[in-house]
Amino acid sequence: MSASGGLKIAVFASGRGSNVRALADAIQAGIISNSTLSLVVSNNSICGALEFARQRNIPALHISRSQFRTDGEFTASLLITLGNFGVNFIALAGYMKKLPVELVKAFKNRIVNIHPALLPEFGGKGMYGMNVHNAVIERGVKVSGATVHLVDEEYDTGPIVLQERVEVLPSDTPESLAEKVLHVEHRLYPKAISLFAMGKVHVRGKEIIIYE
Ligand code: GRF
């Protein structure tokens, strides 16, 4: 999968869609250079992410496993659709489904995810949304943050591209922490994807080297 000629990004999302907005804005502002937001895909027909994409005239598709008879047909449809839109890079932004293994293989080292904590802490199955922030506050740690990582076949285990820390204050609640982390996400995700757009990210096995 080559990205010469820039990134053609598909964002996969299931919910609110604030990171889709942050990425669309960053592309428009040139913070992510030479790239297009080609497509937004959601498993959820009624969600903020699809609604936002439609408002901005970004192709927006509801594609869900339940529309297909078999896993194979679902995966084939995803791959064909991504091909039709010329997609060469995928960003997950609150996508609540595991991607088919064939898709992860077809886009090896070309799929990123954003996670609202400092991986490898507070990651893995079940660690999504407010579950993450509840766990952080419950454990009483002093620092949380956001992580952008490559997606492999497991949950939240791929090599880390960028992280940013957020201080957890004694007065923080899971809600206030979520708000602070989300604010950081909206800056960190465009920054990480812009590194890919500029060809500055090199992956060697489990190791990521970023050329500044
Ligand atoms: C974000 O907190 C992201 O880290 C997590 O899911 C949330 C998605 O938020 N993976 P939004 O739909 O982009 O507003």
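One-based numbering, in listed order, for ligands and for the atoms of each.
- Although no hydrogens or angles enter the test, the distance criterion places no donor-acceptor pair under 3.5 Å between the side chain of D25 and the main chain of A22.
- Using a 4.0 Å cutoff on heavy atoms, A13 does not count as a contact of ligand 1.
- Salt-bridge annotation for R187 and E164: present, with a side-chain N of the basic residue lying under 4.0 Å from a carboxylate O of the acidic one.
- Less than 4.0 angstrom separates some heavy atom of P116 from each of these atoms of ligand 1: 2 (O), 4 (O).
- One finds the CZ atom of R110 at 12.5 Å from the NZ atom of K108 (value rounded to the nearest 0.5 Å).
- Remark: ligand 1 and S18 share an N or O pair separated by less than 3.5 Å (distance only, no angle test).
- Nearest non-hydrogen protein atom to atom 8 (C) of ligand 1 is G94 CA, 3.7 Å.
- Short contacts between ligand 1 and R16, defined as distances under 4.0 Å to a heavy atom of the residue, involve ligand atoms 9 (O), 11 (P), 12 (O), 14 (O).
- Put simply, F74 and V101 are part of two different groups of oily side chains (I, L, V, M, F, W, Y) that touch within less than 4.5 Å, one to the next.
- Closest to atom 12 (O) of ligand 1, if we only count protein heavy atoms, is G17 N, 2.8 Å.
- If you number the atoms of ligand 1 from 1 as listed, the ones under 4.0 Å from a heavy atom of E185 come out as 1 (C), 2 (O), 3 (C), 4 (O).
- The two residues S35 and I27 have their closest heavy-atom pair at O-CG2, 3.2 Å.
- When all heavy atoms are compared, the tightest approach of A93 to A13 is O-CB, 3.2 Å.
- Protein heavy atom closest to atom 5 (C) of ligand 1, with residue, atom name and distance, is I114 O, 3.8 Å.
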